[in-house]
Undergrad: 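Okay, here's the structure, questions in a sec.
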Amino acid sequence: MLFKKKEIHVDSRLSHIAFIMDGNGRWAKKRAMPRQFGHKQGAKSFERIVRECNRLGIKTVTVYAFSTENWSRPKDEVGSIMELLSSYIDRAQDEKDIKFVFLGDKSVLREDLQKRMTDLEEKTKDRPNTLNIAFNYGGRAEIVHACNELIAEGAESVSEKDISDHLYTSASPDPDLIVRTAGECRISNFLLWQCAYSEFYFTDVLWPDFDEKELHRAIENFYKRKRNFGNVTEK
Ligand code: IPE
Ligand code: IPE
Ligand code: MG
């Protein structure tokens, strides 16, 4: 007998989900393969998860793809991550509903890559669903960047809203849920300002193994939580 898969319903309480896609290296190591192989599988997982988030109706998805600290990795590994981004930009041209936004400093990336990133952002800017790709991203650098923009605009004092409006994520609401795979329970310089009231979900599953089932598990867990935002609410 066939059992119908339980469908998961998402509402406005979960309008933004973010992922710290960790564990590609360990996934490859377990298979005695080079780390690059793990990143390649991780990229496949990323595309599946973005598709499923869209299908579920989650308006904004953010992924942490490359941090400002990841430059310290071996040159070959960094090069392979750049190539994966480049080939993803090619495939992204076929997407119909996604607005692409790159979070981070593009200016130090290869020039052709910078141009294709900007072109993709421009081409998709009026679309309904957002995919933020944090690439050469650091939360501290982002806050410093926002402050410098405000100074350049002549600000003498700033409000929380001013800072939020000058972050790379200015067009997105704060994340409701941040998922980190591969067992590490830390933020690693991701969305430091925006995570003030985010819910966190940590799983030991390595990113290349993080599939639709694991995503549903994270979402179900999120819906069991009560968010107070500093207020007092009835149990
Ligand atoms: C995450 O996987 C991908 C990036 C940081 C680019 P890792 O490469 O950090 O995988 P582990 O943590 O070494 O297993
Ligand atoms: C965080 O993972 C960055 C990305 C997922 C892109 P890392 O693997 O770089 O984080 P740490 O070094 O373990 O904190
Ligand atoms: Mg890691």
Side-chain angles (χ1 to χ4, degrees), residues 16-50 52-53 60-89 91-92 100-110 113-114 117 130-145 167-169 172 175 177-195 198-211 214-215 218:
H16 183 178
I17 186 166
F19 299 94
I20 302 177
M21 309 185 289
D22 198 15
N24 294 348
R26 277 164 279 176
W27 187 91
K29 193 170 178 206
K30 266 170 61 181
R31 289 160 180 78
M33 295 294 279
R35 296 180 59 84
Q36 279 87 321
F37 183 64
H39 294 310
K40 204 167 165 197
Q41 289 302 315
K44 288 185 186 160
S45 230
F46 149 72
E47 291 189 43
R48 274 176 69 177
I49 292 300
V50 169
E52 179 64 1
C53 288
T60 305
V61 178
T62 300
V63 293
Y64 201 6
F66 189 79
S67 75
T68 45
E69 289 72 44
N70 289 149
W71 291 107
S72 62
R73 296 188 177 202
K75 228 172 152 215
D76 284 1
E77 181 172 349
V78 171
S80 76
I81 295 171
M82 297 295 151
E83 282 319 308
L84 285 170
L85 174 68
S86 177
S87 64
Y88 179 64
I89 292 175
R91 286 192 299 287
F100 291 87
V101 179
F102 291 96
L103 314 178
D105 179 13
K106 295 186 193 76
S107 71
V108 295
L109 304 177
R110 237 169 47 205
L113 204 50
Q114 280 183 50
M117 290 161 91
T130 301
L131 173 58
N132 294 314
I133 302 178
F135 201 93
N136 191 23
Y137 173 88
R140 287 185 173 180
E142 179 183 39
I143 295 168
V144 169
H145 170 81
L167 296 175
Y168 295 117
T169 51
S172 296
L177 173 62
I178 298 180
V179 173
R180 182 169 186 150
T181 56
E184 311 304 342
C185 300
R186 57 177 171 257
I187 193 81
S188 301
N189 207 9
F190 188 49
L191 303 181
L192 296 183
W193 177 274
Q194 300 88 330
C195 75
S198 302
E199 296 293 327
F200 287 87
Y201 178 85
F202 297 105
T203 169
D204 288 338
V205 175
L206 304 175
W207 179 255
D209 292 328
F210 192 86
D211 59 10
E214 297 297 338
L215 174 68

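Numbers for residues simply follow the sequence, beginning at 1. As the structure lists them, so they are numbered: ligands from 1, and atoms in each ligand from 1.
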Undergrad: Find out whether Leu85 and Met117 are in side-chain contact, i.e. whether some heavy atom of one side chain is under 4.5 Å from a heavy atom of the other.
TA: yes
Undergrad: Verify the distance criterion only: is there a donor paired with an acceptor across the side chains of Thr169 and Asn132 at less than 3.5 Å?
TA: no
Undergrad: Relative to each other, are the rings of Tyr168 and His145 parallel, tilted or perpendicular (30° and 60° limits)?
TA: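 Geometry flag for His145 against Tyr168: parallel rings.
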Undergrad: Quick one, Ile89 and Phe102 - any side-chain contact, counting heavy atoms below 4.5 Å?
TA: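 Answer yes - side chains close enough.
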Undergrad: Are any non-hydrogen side-chain atoms of Phe19 and Cys53 less than 4.5 angstrom apart?
TA: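 Phe19 vs Cys53: side chains touch.
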Undergrad: Dump the pairs for me: ligand 2 N or O, protein N or O, distance under 3.5 Å, to 0.1 Å.
TA:
residue  : atom   : partner : partner atom : Å
ligand 2 : 8 (O)  : Asp22   : OD1          : 3.2
ligand 2 : 8 (O)  : Arg73   : NH2          : 3.2
ligand 2 : 9 (O)  : Asn70   : ND2          : 3.0
ligand 2 : 9 (O)  : Arg73   : NH2          : 3.3
ligand 2 : 10 (O) : Arg180  : NH2          : 3.3
ligand 2 : 10 (O) : Ser188  : OG           : 3.4
ligand 2 : 13 (O) : Arg186  : NH2          : 2.8
ligand 2 : 14 (O) : Arg186  : NE           : 2.8
ligand 2 : 14 (O) : Ser188  : OG           : 2.6

Undergrad: I need the contact type for Lys29 against ligand 1. Using non-hydrogen atoms and a strict under-4.0 Å cut-off, is it side chain, backbone, both or neither?
TA: neither
Undergrad: Centres of the Phe37 and Trp27 rings: under 6.0 Å?
TA: yes
Undergrad: Between CD1 of Ile81 and CZ of Arg73, what distance do you get to the nearest 0.5 Å?
TA: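 Going from the CD1 atom of Ile81 to the CZ atom of Arg73 covers 6.0 Å.
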Undergrad: Thinking salt bridges, do Glu83 and Lys40 make one under a 4.0 Å N-O criterion?
TA: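 So Glu83 does not pair with Lys40 through a salt bridge.
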Undergrad: With a 4.5 Å heavy-atom cut-off, do Glu47 and Tyr88 have their side chains touching?
TA: yes
Undergrad: Report the protein N/O/S neighbours of the Mg ion (ligand 3) that fall below 2.8 Å; do not count waters.
TA: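 Atoms qualifying: Asp22 OD1.
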Undergrad: I want to check something: taking the side chain as every heavy atom from C-beta on, are Met82 and Phe135 in contact at a cut-off of under 4.5 Å?
TA: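 They are in contact (side-chain heavy atoms under 4.5 Å apart), so the answer is yes.
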